[in-house]
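Residue numbering restarts at 1 for every chain, and letters A, B, ... go by the order of the sequence lines. Scope of the values below: all heavy atoms of this structure, side chains included, with no hydrogens, waters or symmetry mates.
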Number of protein chains: 2
Amino acid sequence: MRSDRHTVVPAPPNAANNSTGRRERNKEVKQARIFAAAAELFAEHGYAAVTTQQIAERADVANGTLFRYASTKAELLLMVCNDDFRRNLDRGRRNVSAPDAAAAAPVPRILTLVTPLIVAGRRSDANTAAYQREIMFGEPTERYRAEALVLVAELQLAIAGILAAARPSTSTSTSTSDSTLAARAVSNVLHLELARATLAETPPTVFLTELTAQIELITRGYLAAGQ
Amino acid sequence: MRSDRHTVVPAPPNAANNSTGRRERNKEVKQARIFAAAAELFAEHGYAAVTTQQIAERADVANGTLFRYASTKAELLLMVCNDDFRRNLDRGRRNVSAPDAAAAAPVPRILTLVTPLIVAGRRSDANTAAYQREIMFGEPTERYRAEALVLVAELQLAIAGILAAARPSTSTSTSTSDSTLAARAVSNVLHLELARATLAETPPTVFLTELTAQIELITRGYLAAGQ
DNA sequence: ACTCATTACTGAGTATAGTCCGAAATGTAG
DNA sequence: CTACATTTCGGACTATACTCAGTAATGAGT
């Protein structure tokens with residue numbers, strides 16, 4: 001690393017780095033390696049079957065270092081899965097606002113919104129349940145748990161938007177809080193049914209039927225209140 | 001001190017159990033000691049802060065013996081909490097069928113049914129969330145987890161009964177499955193909101209307001225479908 | 001009562017998530 | 001460069017849920 005020539009003119013250390021210091025870059029690179037290692041191993045063997053040692057090894061960092069980037073094994077899972085969640089949430093929102101979907105009835109619109117989430121959830125069986133568990137029951141103060149909660153809140157907001165749009169605005173101020181409430185109920189049902197289905201290996205068709213029925217129920221209740 | 005009666009141990013099919021051999025009695029006595037020890041320690045320090053060693057010590061059995069009576073620390077919690085759940089579910093059912101409550105509107109009736117569960121849940125803060133977590137995400141094959149699921153199913157049945165009674169029987173066979181579905185939605189919401197409230201230490205009034213509103217929503221949706 | 005098969009108990013042992021403090025690397029000033 | 005400050009790293013260490021192979025207790029057959 002270091003040139004030990006004795007003929008003077010060593011380059012000043014701090015001038016070369018235009019963007020960030022070595023430290024910053026090292027951290028970023030390690031963060032990326034840890035993320036990749038965790039993502040690969042979880043996908044390959046499932047959350048429970050992977051040890052933090054394995055992740056550290058594949059990321060080529062010491063065991064202790066791992067916990068400087070994610071304070072907990074569960075946080076590693078949240079870190080990895082949040083990315084998918086965010087991506088699928090974005091896809092869902094885009095699909096909902098597509099021209100043909102934008103005019104549809106509220107229940108199909110909600111289903112359009114959550115379909116990417118469900119599909120991804122059903123694909124990675126074992127990890128989805130663990131992810132849901134950590135979202136619901138993890139330490140609220142941890143970083144990636146907090147991020148996950150933000151995503152859940154965004155999902156609820158999107159659902160509330162669909163519901164509110166479906167009800168001819170009656171101009172009452174309660175309308176907003178009602179849609180928020182209904183969205184929360186839908187979100188509750190979605191999370192629990194998704195977790196249950198992946199754990200019990202419910203066939204997708206059955207799962208979808210039950211989920212749809214419950215969403216219809218809640219939507220009906222919401223719309224009925226508007227009169 | 002908690003429950004002293006060990007209503008657990010469903011006695012092997014061998015019917016003459018009351019005065020069976022020493023072995024059987026020894027097991028029962030140990031089971032009772034373990035139950036009591038776990039109940040006391042969980043109540044006193046909270047699930048997470050108690051080690052299986054402590055439980056074994058207080059129950060005066062070896063560490064390994066503990067796991068012959070409950071295959072997991074989580075199973076110990078389920079074992080203990082199931083008793084309370086069952087007791088409170090019974091109280092709720094009794095209250096609902098009391099003369100004055102029997103004629104009330106469905107939402108108040110449902111609230112009457114679940115109030116004992118909620119009150120108990122709010123009392124033992126930390127353990128309630130852990131209990132809900134294990135009910136939803138525990139190994140489905142474990143004994144006390146299975147018992148808990150039966151209780152949840154009974155709760156849903158009770159809710160479905162209230163709902164069905166509130167809708168003037170339209171004689172269609174779909175009525176039953178509708179009420180089951182709505183009951184499931186209510187149960188989903190109840191479990192998640194209860195867990196969330198205990199974790200976030202939401203004040204009881206706020207929690208009750210939100211829970212009630214969601215139950216009203218679902219009930220309205222259920223009744224609206226009957227037309 | 002003696003033998004033997006079966007069941008229950010035990011506690012040292014194992015695996016692994018998470019901690020801690022000294023070491024190393026990086027940046028800063030004279 | 002040398003000295004010092006601050007941040008990051010590392011891996012031996014700890015705590016604890018759970019296991020397992022050996023041991024003891026029980027009860028049935030004779």
Side-chain angles (χ1 to χ4, degrees), chain A residues 1-34 38 41-42 45-57 59-79 130 134 138-139 142-143, chain B residues 9 12 14 16-17 19-34 38 41-42 45-57 59-79 130 134 138-139 142:
Chain A
M1 280 288 193
R2 229 204 254 166
S3 67
D4 46 352
R5 73 178 74 172
H6 51 275
T7 59
V8 216
V9 194
N14 66 7
N17 309 334
N18 47 13
S19 58
T20 48
R22 232 197 302 271
R23 241 171 214 172
E24 198 79 14
R25 271 175 290 134
N26 266 340
K27 274 188 80 167
E28 276 166 28
V29 115
K30 262 179 192 161
Q31 159 74 35
R33 282 212 310 271
I34 288 171
L41 286 169
F42 286 155
H45 302 111
Y47 177 70
V50 172
T51 74
T52 57
Q53 287 278 4
Q54 289 176 285
I55 298 173
E57 239 169 78
D60 196 32
V61 297
N63 196 315
T65 304
L66 201 63
F67 292 96
R68 303 187 47 74
Y69 287 82
S71 60
T72 274
K73 188 187 174 188
E75 279 278 294
L76 283 169
L77 180 70
L78 287 161
M79 178 181 85
E134 294 309 324
E139 271 298 313
E142 299 294 336
R143 168 171 171 195
Chain B
V9 185
N14 192 352
N17 73 2
S19 62
T20 29
R22 238 197 301 272
R23 237 172 216 171
E24 201 71 18
R25 270 175 290 134
N26 267 338
K27 277 187 80 169
E28 275 168 27
V29 121
K30 263 180 191 158
Q31 159 74 35
R33 283 211 310 271
I34 289 172
L41 286 169
F42 286 155
H45 303 111
Y47 177 71
V50 172
T51 72
T52 57
Q53 287 276 4
Q54 290 175 282
I55 298 175
E57 238 168 77
D60 195 34
V61 297
N63 196 312
T65 304
L66 205 61
F67 293 95
R68 303 184 47 75
Y69 287 81
S71 60
T72 276
K73 189 187 174 188
E75 278 277 294
L76 283 168
L77 181 70
L78 287 161
M79 177 180 85
E134 294 309 324
E139 272 297 315
E142 298 295 335

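Taking atom CD of residue B:E75 and atom P of nucleotide D:dA17, one finds them 15 Å apart after rounding to whole Å. Across the protein-nucleic acid pair, B:E142 atom CD and D:dA17 atom P stand 16 Å apart, rounded to whole Å. The separation between B:L76 atom CG and D:dA17 atom C1' is 11 Å, rounded to whole Å. Between the CD atom of B:Q53 and the P atom of C:dA12 there is a distance of 10 Å, given to the nearest Å. We find that CD of A:E24 is positioned 18 Å from P of D:dT6, with the value rounded to whole Å. Protein atom CZ of A:R25 is 14 Å distant from nucleotide atom P of D:dC9, rounded to whole Å. In this entry the distance linking CD1 of A:I55 with C1' of C:dG18 reads 13 Å, nearest Å. With rounding to whole Å, A:L66 atom CG is found 16 Å from D:dT8 atom P.
The phosphate of C:dG18 (OP1 or OP2) has a side-chain N or O of A:T72 nearer than 4.0 angstrom. Contact annotation: A:T52 does not reach the phosphate of C:dT16 (side-chain N/O to OP1 or OP2, under 4.0 Å). Between B:K73 and D:dC18, a side-chain N or O to OP1/OP2 separation shorter than 4.0 Å is absent. Distances shown here put a side-chain N or O of A:Y69 below 4.0 Å from the OP1 or OP2 atom of D:dC9. Taking 4.0 angstrom as the limit, A:K27 places a side-chain polar atom (N or O) nearer than this to OP1 or OP2 of D:dT8.
To the nearest 0.5 angstrom, B:K27 atom NZ is 9.5 Å from B:R23 atom CZ. The structure places CG of B:D60 at 14.5 Å from CD1 of B:I55, a figure rounded to the nearest 0.5 Å. Expressed to the nearest 0.5 Å, how far CD of B:E57 lies from OG1 of B:T52 amounts to 10.5 Å.
Residues B:M79 and B:I34 are in side-chain contact: their nearest non-hydrogen atoms beyond the backbone lie under 4.5 Å apart. Looking at heavy atoms from C-beta onward, A:L66 lies in side-chain contact with A:L76 at the 4.5 angstrom threshold. Counting heavy atoms from C-beta outward, A:K73 and A:Y47 have side chains that approach closer than 4.5 Å.
Heavy-atom distances to DNA chain D give each of B:V50 and B:N26 a nearest nucleotide, and the one nearer the 5′ end belongs to B:V50.
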Where do N or O atoms of nucleotides 19-24 of chain C meet protein N or O atoms at under 3.5 Å, pair by pair?
none

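When atom types are taken as modelled, the side chain of B:T72 and the backbone of B:E75 share no donor-acceptor pair closer than 3.5 angstrom.
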